[in-house]
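Report on the structure given below.
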Amino acid sequence: MNLQVFNRLTRQKEDFKPLVEGQVKMYVCGPTVYDHAHLGHAKTYVAFDVIVRYLRYLGYKVRYVQNITDVGHLLDTGEDRILKKAGALSLEPMEVVETYTHSYFDDMDALGVVRPDISPRASGHVPEQITMTQGLIEKKHAYVTREGDVYFDVTTFPEYGKLSGQNLDELVGGKRVEVAEGKRHAADFALWRHAEPEHLMQWDSPWGRGFPGWHIECSAMAARYLGETFDIHGGGLENRFPHNECEIAQSEALTGKPFANYWLLTGSLTVDGVKMSKSLGNFVTIKDALKIYQPEALRLFILSSHYSSPVDYSDAALKATQSGWERLMGAVRLVRYTRQNASEGDAAAGFEAVLDEHKARFAAAMDDDFNAPAAIGVLYDLNREVNTLLNSGETIGRPILDSIEQVYHKLGGDVLGIIPDEITETGTDAARQDGLIRFLIEMRADARARKDFAAADNIRNRLVDLGVMLEDRADGTVYKLQ
RNA sequence: GGCGACGUAGCCAAGUGGUAAGGCAGAGGUCUGCAAAACCUCCAUUCACCGGUUCGAAUCCGGUCGUCGCCUCCA
């Protein structure tokens with residue numbers, strides 16, 4: 001079976017055919033770095049992470065570009081969100097950008113999200129954005145106002161609205177947007193804005209000092225690194241209009257070619273049914289969530305719903321997922337443990353057929369528009385088979401255990417990122433270690449009180465082997481770590 | 001008001017024409033010194049509701065109700 005994807009542009013499931021056989025060029029709208037990332041970001045980027053991982057698993061050579069927005073993204077008050085933050089913290093705008101870019105990558109690394117191949121910054125691609133804007137003016141798709149703003153003229157692009165199903169006539173009302181000075185049409189959007197002298201991020205342009213509009217960066221950077229037409233454009237569903245729509249309009253008006261062939265958009269993460277967002281204040285940062293839950297459990301939670309569906313966050317749902325994940329890991333742990341002392345030979349080799357069947361079902365699920373929830377179901381089915389085998393009392397040869405481990409490694413690890421190669425136990429921390437050592441010291445004290453010195457010495461010697469030195473004092477026993 | 005989704009067991013969730021995956025929780029059982037873990041069995045005659053198409057509908061069509069997203073910054 002071949003990979004099929006639901007293309008938001010055509011609203012149908014289509015066979016996936018990249019422009020160049022064996023290669024995939026993919027762009028995903030990245031974050032605006034003015035604050036720490038929250039679980040909503042985690043949902044989007046974990047979803048695309050698995051899409052990229054699966055494409056690579058299938059053998060595609062993927063170039064994954066995800067931008068960092070560090071300029072031009074304005075609040076509805078007209079303030080630049082990064083400048084606002086910089087003002088509040090008395091920092092250079094680029095200090096804000098650095099801080100939250102690092103924070104974002106730290107969070108993504110912690111979640112096991114594979115880094116994009118290119119993470120271009122908007123501020124580093126102003127010349128490209130200016131060139132593109134000039135091209136649009138030359139082609140009469142954009143106009144310059146007296147103030148030095150440049151707007152895209154939506155009436156020159158009849159397909160405007162094709163991604164979101166919006167109709168220009170219905171947008172005309174502009175009832176909720178105050179039409180900016182100099183705009184010809186309420187739906188026209190800024191490619192370039194003039195800057196007042198006190199505005200901290202500004203560049204020279206043919207239209208005077210200013211800064212790029214928000215939408216143009218994605219078009220410019222996608223073209224720069226992926227070409228005028230590329231395979232997959234991804235992002236959160238909430239950016240479909242106006243952001244994605246504007247990207248299409250700019251790029252296609254300029255090149256006359258399709259911008260992206262497949263549009264994959266992710267559903268939002270909600271809390272009590274309402275979208276998690278900065279503006280609503282109902283967000284949980286990734287850092288806070290990782291204090292409570294294993295990163296793999298968070299990924300599993302996100303991947304338990306299809307990428308295009310919304311996910312509702314709650315502690316109860318996360319806890320249920322964590323329980324399920326721990327059961328999954330129980331079998332993985334048992335396989336690894338059994339493997340240590342397994343003998344060579346083909347005992348239980350018949351299980352190979354079970355593995356093949358589950359691998360095929362897993363691939364069939366993922367081939368169907370990256371259906372991770374169904375693929376996870378297959379993993380649970382396999383888990384039951386593995387547990388049954390390992391608890392059957394049969395001898396199991398090392399080769400088959402290696403094969404099982406390989407399946408976990410590839411499907412659960414490489415593709416979904418929910419089964420780590422090394423299992424770090426929850427709460428393996430200094431406090432727990434200290435408690436365990438103290439407990440052993442107590443057991444040794446009991447043994448000494450019974451004059452069972454063999455047992456007491458055994459405890460002490462075993463601890464020494466583990467690098468824990470005991471010292472008896474008049475008032476008790478202390479330990480130090482080597 | 002316009003555009004777009006969604007409504008499947010106590011909870012989460014897959015399934016888009018052929019007779020309801022999987023997970024969590026729960027009940028019973030096997031195993032076990034006791035636990036834990038694991039496994040087995042049970043847990044939706046039914047997919048918001050009402051009509052229609054069809055040999056056959058959770059899936060297609062029409063309507064009703066409800067929830068959400070976008071239309072204004074958001075992944």
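A, B, ... follow the sequence lines: proteins, then strands. Residue 1 opens every chain. Values below: every heavy atom of this structure, side chains too, minus hydrogens, waters and symmetry copies.
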With a 3.5 Å limit on both atom pairs, tell me what [N] is paired to, counting Watson-Crick and G-U wobble, or say none.
| N | value |
| --- | --- |
| B:rC65 | B:rG7 |
| B:rG28 | B:rC40 |
| B:rG1 | B:rC71 |

Give one of base, sugar-phosphate or nothing for [X], where a contact means two heavy atoms less than 4.0 Å apart.
| X | answer |
| --- | --- |
| A:K275 | base |
| A:P31 | sugar-phosphate |
| A:D312 | nothing |

Pick the nucleotide of RNA chain B nearest each of A:R240 and A:Y34; which residue has the one closer to the 5' end?
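Taking each residue's closest nucleotide, the earlier one in sequence belongs to A:R240.
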Need to verify one output field. Residue with the more 5' nearest nucleotide on RNA chain B, A:F301 or A:E238?
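First, find each residue's nearest nucleotide; the 5'-ward one identifies A:F301.
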Taking the six-membered ring of [Y] as reference, does the NZ or CZ atom of [X] fall below 6.0 Å from its centre and within a 45° cone about the axis?
| X | Y | result |
| --- | --- | --- |
| A:R63 | A:Y225 | no |
| A:K278 | A:Y34 | yes |
| A:R184 | A:Y143 | yes |

Can you check whether A:N239 has a side-chain N or O nearer than 4.0 Å to OP1 or OP2 of B:rC70?
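Answer no for this pair, as no side-chain N or O of A:N239 is under 4.0 Å from OP1 or OP2.
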Just to confirm, is there a sub-4.0 Å distance from OP1 or OP2 of B:rA75 to any side-chain nitrogen or oxygen of A:T266?
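No, because none of the side-chain N or O atoms of A:T266 sits under 4.0 Å from OP1 or OP2 of B:rA75.
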Quantified in whole Å, what is the P atom distance between nucleotide B:rA21 and nucleotide B:rG63?
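Straight-line distance between the two P atoms is 32 Å.
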Rounded to whole angstrom, note down the C1' distance from B:rU59 over to B:rC3.
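Approximately 24 Å lies between the C1' atom of B:rU59 and that of B:rC3.
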Regarding A:D402 and A:R339, does a basic nitrogen lie under 4.0 Å from an acidic carboxylate oxygen?
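Between A:R339 and A:D402 there is a salt bridge, with a charged N closer than 4.0 Å to a carboxylate O.
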